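The shown structure was predicted, so the numbers you read here are calculated from the model rather than taken from an experiment.
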Amino acid sequence: MVETMELGEERGQAGLPFSSVLVIGVGLIGGSVAAALKALEGAQPYVRGVDISAAAIEGALSRGYLDEGAVLGAGAGAGNAGGSSSADADDKRIIQWLSDETTDLVVLATPVSGAEEWFERLETSGYTGAITDVASTKGVLTGLAQRILSQPERYIPGHPMAGSEVNGIEGARATLFQNAHWILCPNQDSDPDIYAGLHELVTSLGARSISLPREEHDETIAVVSHVPHMVASALVSLAGSYAKDKQEIFRLAAGGFKDTTRIAAGSPELWCGIALDNREALAQGLGEIKEIIGGIELSLHNGNAVELKRLLAEAARLRSSIPATWVPDSARLVEVRIPMANHTGVIAQVTGFAGKANCNIQSINIDHINEATAILELILTDEGDKGRFMSMLIDGGFDVSFRPLGYNVQ
């Protein structure tokens, strides 16, 4: 195990928003978070991991994704870097990591069903740092945090929109979040410094951070992630029903079919949990897509080429509007400065306005001038409608200044 003095020295030199991170659950997403943190160029945070599986901890340690690891209540073998084989020792080690103020950020990467236990453990241990998660649903988690945590403002929900058909630590990789969207869901009570730190952290991992109101998250994600997964599963089932009589059907499946149905290979246990956690929004989305498919079916039955072409053209137009790549023009960055005095929930309001205007925040900083005055500083890329963003800020009662920046700005 790394000695306390050595850890303290590393933490002091890191110069990162969070110099020590504890990842709870080192499967595909949690393991990839740890891997990406340890792959950062220059200063890296000290990364610990906890899992109920000794194999997952051993795999993460052997790959260099973790500096230390512990197996929760398992007691099996080499679940930690110090060599202890005792479940009790690992459990005590976890409590120490949470209570001795050497952990700055906890990333909950467990299934939603395991979150309540961890919120309670964080609260009873006296943990005082930042908390986020990587779950694809937010309704249950935000309710638990509000009920259990004495300082729920330290918890800001997160959701990296990334994944793989390879599950567990075997599928984890440092590049998983490159160019992926990573949703953060602050509210009016969120600690603005924690939000700024999380924004810096996820963008340093190559992701594009966007803000979304937590009460809108589950419905939005149902449409763009959960419904597509169910549709992909249905397409594979359809092809499978024909394969019973026509064995060559899967051999003839073209690239489009494979691309469309790739996500159907995901873990059934994981996706069953996600679907049930978000069942209301998912069921509504599936009902709406049934209506759309019904319209296509009706146009075919009626031989209505005009209507069918209209439906296909509208879908093609919308699909073409999705950018294939995103590379910001460093010559067109814009600095936005917003005084934070006399406003509650500034982070949630401002980042929410940016999202509605399709503006991408490349970096965010809070300049604490004195105890009563702070300036929120944003750097925007060349995306979105900055005029609309400014109008929303002004209409919201904010004093705001926009300033174009040149090539040399980092």
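In this structure a side-chain-to-backbone donor-acceptor pair under 3.5 Å is present from Ser320 to Ala316. The backbone N or O of Ser150 lies less than 3.5 Å from a partner atom in the side chain of Glu123, making a donor-acceptor pair. Judged by distance alone, with hydrogens and angles left aside, the side-chain atoms of Arg208 form no donor-acceptor pair with the main-chain N or O of His181 at under 3.5 Å. A distance-only check finds a donor-acceptor pair linking the side chain of Asp90 to the backbone of Val71 [under 3.5 Å]. The closest donor-acceptor contact from the side chain of Thr203 to the backbone of His199 lies under 3.5 Å. Checked by atom type and distance alone, the side chain of Ser267 pairs as donor or acceptor with a backbone atom of Leu270 at under 3.5 Å. Between the side chain of Arg63 and the backbone N or O of Gly59, at least one donor-acceptor pair lies under 3.5 Å. Side chain of Arg388 to main chain of Asn358: no donor-acceptor pair is present (N/O by atom type, distance under 3.5 Å, no hydrogens or angles). Proximity of a side-chain donor or acceptor of Ser190 to a complementary backbone N or O of Glu153 within less than 3.5 Å is not detected. The closest donor-acceptor contact from the side chain of Lys138 to the backbone of Gly158 lies under 3.5 Å.
Remark: the His226 side chain and the Asp218 side chain contain no N/O donor-acceptor pair separated by less than 3.5 Å. Side-chain contact check for Arg93 and Gln96: no donor-acceptor pair (N or O, by modelled atom type) lies under 3.5 Å. Under 3.5 Å, the side chains of Ser363 and Glu200 contain no donor-acceptor pair of N or O atoms. Inspection of the Glu68 and Tyr46 side chains reveals an N or O donor paired with an N or O acceptor under 3.5 Å.
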Open item on the list: Set out, in order, the CA-CA distance, both residues' side-chain angles and the distance that settles side-chain contact (heavy atoms from CB on, under 4.5 Å) for Leu393 and Phe402, then state yes or no.
Closed with: CA-CA 11 Å; Leu393 289 170; Phe402 278 60; 4.2 Å; yes

Open item on the list: Apply side-chain contact (heavy atoms from CB on, under 4.5 Å) to residues Ile263 and Thr261 and explain how you reach the verdict.
Closed with: CA-CA 6 Å; Ile263 55 177; Thr261 60; over 6 Å; no

Task: Asp133 vs His159, side chain to side chain donor-acceptor pair (under 3.5 Å): CA-CA, chis, key distance, verdict - done: CA-CA 7 Å; Asp133 71 274; His159 177 197; over 6 Å; no

Open item on the list: Checking Val50 against Trp97 for the side-chain contact (heavy atoms from CB on, under 4.5 Å) test, could you report, in this order, the C-alpha distance in whole Å, the side-chain angles of both residues, the deciding distance, and whether it holds?
Closed with: CA-CA 11 Å; Val50 175; Trp97 290 344; 3.9 Å; yes

Open item on the list: Test salt bridge (charged side-chain N to carboxylate O under 4.0 Å, His left out) on Arg337 and Asp399; report intermediate values, then the result.
Closed with: CA-CA 8 Å; Arg337 290 174 59 85; Asp399 294 324; over 6 Å; no

Task: Chi angles and distances behind the side chain to side chain donor-acceptor pair (under 3.5 Å) call for Ser19, Asp104 - done: CA-CA 7 Å; Ser19 54; Asp104 299 324; 2.9 Å; yes

TODO: Determine, stepwise, if the pair Phe177 / Val33 fulfils side-chain contact (heavy atoms from CB on, under 4.5 Å).
DONE: CA-CA 8 Å; Phe177 310 114; Val33 170; 3.7 Å; yes

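From Ile94, atom CD1 reaches atom CH2 of Trp118 across 5.0 Å, with rounding to the nearest 0.5 Å. Considering CG of Leu22 and CG of Leu98, their distance stands at 6.0 Å, rounded to 0.5 Å. Here CG of Leu37 is found 7.0 Å from OG of Ser204. Values are rounded to the nearest 0.5 Å. Distance check: Asp193 CG to Ile366 CD1 gives 4.5 Å after rounding to the nearest 0.5 Å. Atom CG of Leu108 and atom OG1 of Thr132 lie 8.0 Å apart (nearest 0.5 Å). Atom-to-atom distance recorded for Thr351:OG1 and Ile364:CD1 is 7.0 Å, nearest 0.5 angstrom.
Ion pairing of Glu117 with Arg121 is present here, as a side-chain N (NZ or NE/NH1/NH2) and a carboxylate O approach within less than 4.0 Å. Salt-bridge check for Lys38 with Asp67: passed, with a basic side-chain N closer than 4.0 Å to an acidic carboxylate O. The residues Arg147 and Glu116 are annotated as salt-bridged, a charged nitrogen and a carboxylate oxygen being separated by less than 4.0 angstrom.
The number of heavy-atom neighbours closer than 6.0 Å to CD of Gln146, taken from other residues, nucleotides and ligands shown, is 12 or below. Annotation for Glu280: atom CD does not count as buried by contact number, only 12 or fewer foreign heavy atoms lying within 6.0 Å. Within a 6.0 Å radius of CD in Glu335, other residues, nucleotides and ligands contribute more than 12 heavy atoms.
In terms of heavy-atom proximity, Ala162 sits nearest to Ala180 at CB-CB, 4.1 Å. Here the closest heavy-atom approach between residue Asn360 and residue Ser209 is recorded as OD1-O, 4.0 Å. Among all heavy-atom pairs drawn from Ile194 and Ala130, the shortest one is CG2-CB, 3.7 Å. Between Cys359 and Phe389, the shortest heavy-atom distance links the atoms SG-CB, 4.0 Å. Listed here is the closest heavy atom pair of Cys185 and Arg214: O-NH2, 2.7 Å. Across all non-hydrogen atoms, the minimal contact from Ser125 to Ser99 is O-CB, 3.3 Å.
Residues Phe398 and Val350 are in side-chain contact: their nearest non-hydrogen atoms beyond the backbone lie under 4.5 Å apart. With contacts defined as side-chain heavy-atom distances shorter than 4.5 Å, the pair Leu184/Ser211 does not qualify. Counting only heavy atoms from C-beta outward, the side chains of Val107 and Val21 approach each other to under 4.5 Å. Side-chain contact between Leu380 and Leu333: absent, with no pair of heavy atoms (C-beta onward) separated by less than 4.5 Å.
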Side chains of residues 282-290: which donor-acceptor pairs under 3.5 Å do they make with residues two or more places apart or in other chains?
from	atom 1	to	atom 2	distance (Å)
Gln284	NE2	Glu288	OE2	3.2

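Taking the six-membered ring for Trp and thresholds of 30 and 60 degrees, Trp271 and His229 have nearly parallel ring planes, at less than 30 degrees apart.
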